[in-house]
Amino acid sequence: MYSFSPKLKSTSIILLVVGLVLFGIGFFMNKGLSTEKIEQMMEAVHASGHNAPTHSSEMVGPQDHAAHLEHAELQVHNQPLASLHFVAVFFFGVSCAVLFFYCIQHAAHAGWPIIITRVMEAIASYIPYGGAILVIMMILNITHNGHLFHWMDPELTNPESAHFDVILFEKKRFLNIPFYAIRTIIYVVGASFFAWKLKAQSKKVDETKSKVEYQMLYRWAVGYIAFFGFASAAWAWDWLMSIDPHWYSTMYIWYSMVSCLSSGIAVIILLSVYLKKNGFLPQFNDNHLHDLGVFLFATSMLWTYTWFAQFMLYWYANVPEEVNYFFGRFQHYGTTFLPMLIVNFLLPLLVLVSSSIKRNYKVVTVMAVVVILGHILDYFNMVMPGTVGPYWNTPEVFLLILGALLFVVGLFMFTVLSALSKLKLIPTGNPYLHESEIYEYPF
């Protein structure tokens with residue numbers, strides 16, 4: 001039985017508090033920016049010669065100085081909500097992807113990962129808490145207290161308005177506030193229900209050791225796979241791609257999902273190794289670590305494929321509304337956009353390609369941390385250009401992002417480790433437990 005140490009509990013609470021304080025400081029710094037200061041920031045961006053728009057709304061409607069200033073003000077004041085948004089979506093996606101990975105193993109009747117079943121269940125325990133943050137942010141946006149989603153402005157779908165946008169008018173059957181709110185609640189409530197149900201059914205299997213109950217666990221796992229397949233695609237549209245509603249990509253849903261899946265496997269590695277090194281999970285061995293390393297390597301390569309395929313197809317087509325998504329990032333996010341390929345692709349490729357390396361606890365643990373940080377940067381690049389634009393390289397944005405990251409990481413640590421302390425680490429009722437205990441990679 002795992003015991004949540006007072007030291008780790010204090011660390012997670014300190015992260016929560018420090019994160020809130022830093023975010024609060026950044027928030028008040030942001031709110032203190034005057035129109036004159038924002039106008040100076042805008043003029044500095046224009047004077048630099050980098051004028052590529054980072055959002056399609058910059059190319060629609062009036063193009064005079066007043067319109068540009070209004071847009072700059074919206075982007076600057078988006079900084080707090082955008083900073084929290086990309087972190088919140090990322091960690092919610094990670095916990096949902098871990099539950100997806102867990103269900104795939106059950107659906108495949110895989111024997112090797114049974115030892116880490118409780119690790120995955122504990123990580124999935126974050127889903128309702130992460131979902132609650134997203135529901136609160138959804139309420140802020142639909143009540144127009146936040147402006148991350150350009151399409152929520154009713155003037156854009158009013159044919160009599162000077163700001164009328166025909167593309168958004170054609171998409172309003174899907175992109176409308178009531179339907180968006182309903183979908184968000186479905187994602188959060190649905191994922192939370194499956195996390196609770198799968199944990200409860202897994203516990204019942206332990207208690208009864210019944211093959212009938214195990215069959216029910218299998219069925220619920222298949223149900224979540226189907227739910228996740230549709231929901232992860234739809235929340236990528238809603239929470240990420242609709243930030244710039246003119247632009248779309250058929251690769252985007254896989255790209256954003258695999259980013260979370262790779263990070264989720266990295267989190268499983270970190271927690272499993274932590275339990276192993278502290279004597280709570282001695283059954284976890286080099287063979288289990290090797291297979292997790294294989295999945296970490298494979299998902300990193302899959303992420304690279306989806307990123308490159310998306311980029312190549314839009315570069316080749318050279319359609320302005322599509323290429324603009326990348327061109328704006330090249331101009332204003334050059335220090336974060338392409339360099340993330342080093343941590344998300346090049347390092348996993350060079351380090352994890354060797355089978356023997358995947359058995360090295362230190363190396364695989366370090367690579368897990370690198371992959372998580374790399375995909376946090378990936379989500380930063382998904383959200384910030386379309387919401388904050390070129391106004392991201394400022395002290396208040398640094399404080400906001402650091403604060404949001406520390407707060408969510410602290411909450412994630414506290415909920416996951418608290419849940420783990422209430423679970424029996426070894427699923428003794430699972431019929432594949434013995435296979436997992438004696439598992440040995442054949443090569």
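These numbers come from the heavy atoms of this one structure, side chains and all, not from hydrogens, waters or symmetry mates.
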Engineer: Check whether N30 reaches the backbone of V76 with its side chain - one donor and one acceptor, N or O, closer than 3.5 Å.
Structural biologist: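 Looks like yes, one N/O pair under 3.5 Å.
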Engineer: Between the side chain of S272 and the main-chain N/O of I269, is any donor-acceptor distance below 3.5 Å?
Structural biologist: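 The answer is no, because no donor-acceptor pair under 3.5 Å joins these two groups.
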Engineer: Going from CD1 on I115 to NZ on K276, what distance comes out if it is rounded to the nearest 0.5 angstrom?
Structural biologist: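 Output value for this atom pair is 10.0 Å.
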Engineer: Mind listing the closest non-hydrogen atom pair of L156 and H150 along with its distance?
Structural biologist: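 Heavy atoms of L156 and H150 come nearest at CD1-O, 3.1 Å.
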Engineer: Using only atom types and a distance under 3.5 Å, with no angle test, would you say the side chain of K9 pairs donor to acceptor with the backbone of F414?
Structural biologist: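 No, the answer is negative, given that no donor and acceptor are paired below the 3.5 Å cut-off.
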Engineer: Please determine whether the number of non-hydrogen atoms from other residues, nucleotides or ligands lying under 6.0 Å from atom NZ of K171 exceeds 12.
Structural biologist: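 Result for NZ/K171: enclosed.
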Engineer: For atom CZ of F193, is the number of surrounding heavy atoms from other residues, nucleotides or ligands below 6.0 Å larger than 12?
Structural biologist: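 Yes.
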Engineer: Test the R183-Y187 pair against the cation-pi criterion, namely NZ or CZ under 6.0 angstrom from the six-membered ring centroid and within 45° of the ring axis.
Structural biologist: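 Cation-pi check for R183 and Y187: fails.
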Engineer: Between T299 (side chain only) and L296 (backbone N and O only), is there a donor and an acceptor less than 3.5 Å apart?
Structural biologist: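 Here the side-chain-to-backbone pair exists.
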Engineer: Taking N158 for the side chain and F164 for the main chain, is one N or O donor matched with an acceptor at less than 3.5 Å?
Structural biologist: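 No, N158 side chain to F164 backbone: no donor-acceptor pair under 3.5 Å.
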Engineer: Between Y102 and H106, what is the ring plane arrangement, given parallel below 30°, perpendicular above 60°, and tilted in between?
Structural biologist: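 Taking H106 first and then Y102, their aromatic rings stand perpendicular (interplane angle over 60°).
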Engineer: Just by distance, do the side chain of W392 and the backbone of H332 share a donor-acceptor pair under 3.5 Å?
Structural biologist: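 Answer holds: yes.
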Engineer: Between F179 and D238, is the side chain to side chain contact (heavy atoms under 4.5 Å, CB included) condition met? List the steps.
Structural biologist: CA-CA 10 Å; F179 195 21; D238 283 336; over 6 Å; no
Engineer: Assess the side chains of H246 and D165: does a donor N or O sit below 3.5 Å from an acceptor N or O?
Structural biologist: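 Yes.
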Engineer: Does some side-chain heavy atom of E396 sit less than 4.5 Å from a side-chain heavy atom of F27?
Structural biologist: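 No, their side chains stay 4.5 Å or more apart.
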Engineer: If you count the non-hydrogen atoms of other residues, nucleotides and ligands that lie under 6.0 Å from OH in Y129, is the total more than 12?
Structural biologist: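 Count not over threshold, so no.
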Engineer: Apply ring-ring contact (aromatic ring centres under 6.0 Å, His included) to F100 and Y224, showing your working.
Structural biologist: CA-CA 7 Å; F100 172 64; Y224 179 73; 7.2 Å; no
Engineer: If you take all heavy atoms of P128 and S125, which pair is closest and at what distance?
Structural biologist: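 Minimum heavy-atom contact is CD-O, 3.4 Å.
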Engineer: Is any side-chain heavy atom of M384 closer than 4.5 Å to a side-chain heavy atom of V397?
Structural biologist: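 Yes, close enough: below the 4.5 Å cut-off.
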Engineer: Looking only at atom types and distance, does a side-chain atom of S192 sit under 3.5 Å from a main-chain N or O of V188, one as donor and one as acceptor?
Structural biologist: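 Indeed, once roles are kept as given, a pair shorter than 3.5 Å links the two residues.
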Engineer: Do D378 and S259 pair up side chain to side chain, a donor and an acceptor below 3.5 Å, judged on atom types alone?
Structural biologist: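 Yes, a side-chain donor-acceptor pair sits under 3.5 Å.
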Engineer: Under the ring-ring contact (aromatic ring centres under 6.0 Å, His included) rule, what do F23 and F407 come out as? Steps first, then yes or no, please.
Structural biologist: CA-CA 9 Å; F23 190 86; F407 172 77; 8.3 Å; no
Engineer: If you count the non-hydrogen atoms of other residues, nucleotides and ligands that lie under 6.0 Å from CZ in F330, is the total more than 12?
Structural biologist: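 Yes, because the 6.0 Å sphere around CZ of F330 holds more than 12 heavy atoms from other groups.
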Engineer: Donor-acceptor pair, distance only, cut-off 3.5 Å: does the side chain of Q79 make one with the backbone of Y391?
Structural biologist: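 Answer holds: yes.
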Engineer: Step by step, work out the side chain to side chain contact (heavy atoms under 4.5 Å, CB included) result for V119 and F284.
Structural biologist: CA-CA 11 Å; V119 170; F284 183 82; over 6 Å; no
Engineer: Spell out, as yes or no, whether a donor-acceptor pair under 3.5 Å connects the side chain of S242 to the backbone of P245.
Structural biologist: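 Between the backbone of P245 and the side chain of S242 there is no qualifying donor-acceptor contact (under 3.5 Å).
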Engineer: Is there a side chain to side chain contact (heavy atoms under 4.5 Å, CB included) between V364 and L292 once you walk through the steps?
Structural biologist: CA-CA 9 Å; V364 176; L292 286 171; over 6 Å; no
Engineer: Using a 3.5 Å distance criterion without hydrogens, assess whether the side chain of Y379 forms a donor-acceptor pair with backbone atoms of H85.
Structural biologist: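 Pair absent, no side-chain N/O of Y379 close to backbone of H85.
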Engineer: Do F295 and F101 have side chains that approach each other closer than 4.5 Å (heavy atoms only, starting at C-beta)?
Structural biologist: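 With C-beta onward as the side chain, the pair touches.
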Engineer: Quick one: CD1 on I133 to CG on L411, what's the gap to the nearest 0.5 Å?
Structural biologist: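 Between I133 CD1 and L411 CG, I get 5.5 Å after rounding to 0.5 Å.
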Engineer: Decide yes or no for S202 and T117: does some side-chain heavy atom of the first lie under 4.5 Å from some side-chain heavy atom of the second?
Structural biologist: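 A side-chain contact exists here, since the closest heavy-atom pair is under 4.5 Å.
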Engineer: Mind checking whether F149 and Y180 have parallel, tilted or perpendicular rings, split at 30° and 60°?
Structural biologist: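 Tilted: the ring planes of F149 and Y180 meet at 30° to 60°.
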Engineer: Evaluate the ring planes of Y255 and Y252, with Trp represented by its six-membered ring, and classify them as parallel (under 30°), tilted (30 to 60°) or perpendicular (over 60°).
Structural biologist: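 If you compare the ring of Y255 with that of Y252, the planes turn out perpendicular.
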Engineer: Can you tell if the side chain of V371 reaches within under 4.5 Å of the side chain of P348, non-hydrogen atoms only?
Structural biologist: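 Counting from C-beta outward, V371 and P348 do come under 4.5 Å.
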Engineer: Considering all heavy atoms of both residues, which atom of S95 and which atom of I127 are nearest to each other, and what is their separation?
Structural biologist: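 So the minimum-distance heavy-atom pair works out to OG-CG1, 3.4 Å.
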Engineer: Which one of V267, L417, L15 satisfies the side chain to side chain contact (heavy atoms under 4.5 Å, CB included) criterion with F412?
Structural biologist: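 Among the candidates, only V267 passes.
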Engineer: Passes side chain to side chain contact (heavy atoms under 4.5 Å, CB included), V408 versus Y126? Steps please.
Structural biologist: CA-CA 10 Å; V408 175; Y126 174 77; 3.4 Å; yes
Engineer: Grab the two heavy atoms, one from P159 and one from F169, that are nearest each other, plus how far apart they are.
Structural biologist: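 Between these two residues, the closest heavy atoms are CG-CE1, 4.2 Å.
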Engineer: Which heavy atom of I142 sits nearest a heavy atom of A181, and at what distance?
Structural biologist: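 Closest pair (atom of I142, atom of A181, distance): CD1-CB, 4.3 Å.
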Engineer: State the OH-SG distance between Y218 and C103, to the nearest 0.5 angstrom.
Structural biologist: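 The OH atom of Y218 sits 11.5 Å away from the SG atom of C103.
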Engineer: Between Q75 and T387, do the side chains contain an N or O donor and an N or O acceptor separated by less than 3.5 Å?
Structural biologist: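 No, because no side-chain N or O of Q75 sits under 3.5 Å from a partner of the opposite role on T387.
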Engineer: How long is the straight-line distance from CD1 of I372 back to CG of L377, given to the nearest 0.5 Å?
Structural biologist: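 One finds 14.0 Å between CG of L377 and CD1 of I372.
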Engineer: NZ of K31: more than 12 outside heavy atoms within 6.0 angstrom?
Structural biologist: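 Count over threshold, so yes.
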Engineer: In terms of heavy-atom contacts, does CH2 of W307 have more than 12 from other residues, nucleotides or ligands at under 6.0 Å?
Structural biologist: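 Correct, the count exceeds 12.
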Engineer: Calculate, to the nearest 0.5 Å, the distance between atoms CZ and CE belonging to F228 and M257 respectively.
Structural biologist: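 That separation rounds to 5.5 Å.
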Engineer: Tell me, do L140 and L81 make a side-chain contact under 4.5 Å, heavy atoms counted?
Structural biologist: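 They are in side-chain contact.
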Engineer: Looking at every non-hydrogen atom in both residues, tell me the closest pair between M216 and Q201 and how far apart they are.
Structural biologist: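 Closest approach of M216 to Q201, heavy atoms only: CB-NE2, 3.4 Å.
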Engineer: Would you say F4 and L420 make side-chain contact, with heavy atoms under 4.5 Å?
Structural biologist: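 Of all side-chain heavy-atom pairs linking L420 with F4, none is under 4.5 Å.
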Engineer: Rounded to the nearest 0.5 Å, what's the gap from CD1 on I268 to OG on S263? Could you check?
Structural biologist: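 Answer rounded to 0.5 Å: 11.0 Å.
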Engineer: Quick one: does NZ or CZ of R329 land under 6.0 Å from the six-membered ring centre of Y325, within 45 degrees of the ring axis?
Structural biologist: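 Yes - R329 lies over the ring of Y325, closer than 6.0 Å to its centre and within 45° of its axis.
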Engineer: Within the supplied structure, the quantity of interest is the number of heavy atoms (other residues, nucleotides, ligands) at a distance under 6.0 Å from F327 CZ; does it exceed 12?
Structural biologist: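 It does not: F327 CZ has 12 such atoms or fewer within range.
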Engineer: Heavy-atom distance under 4.5 Å between the side chains of R118 and D206, does that happen here?
Structural biologist: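 In short, these two side chains touch, coming nearer than 4.5 Å.
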Engineer: Can you confirm whether more than 12 heavy atoms, excluding those of K424, are under 6.0 Å from its NZ atom?
Structural biologist: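 Atom NZ in K424 is crowded, with more than 12 foreign heavy atoms closer than 6.0 Å.
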Engineer: Under 6.0 Å between ring centres: does that hold for F90 and F380?
Structural biologist: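 No: the rings miss the under 6.0 Å criterion.
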Engineer: In terms of side-chain heavy atoms, does Y274 have a donor or acceptor partner in Y2 at a distance below 3.5 Å?
Structural biologist: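 Yes, side-chain donor-acceptor contact under 3.5 Å.
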Engineer: Does the gap between the ring centers of F92 and W239 come in under 6.0 Å?
Structural biologist: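 Yes, they do, as the ring centres are separated by less than 6.0 Å.
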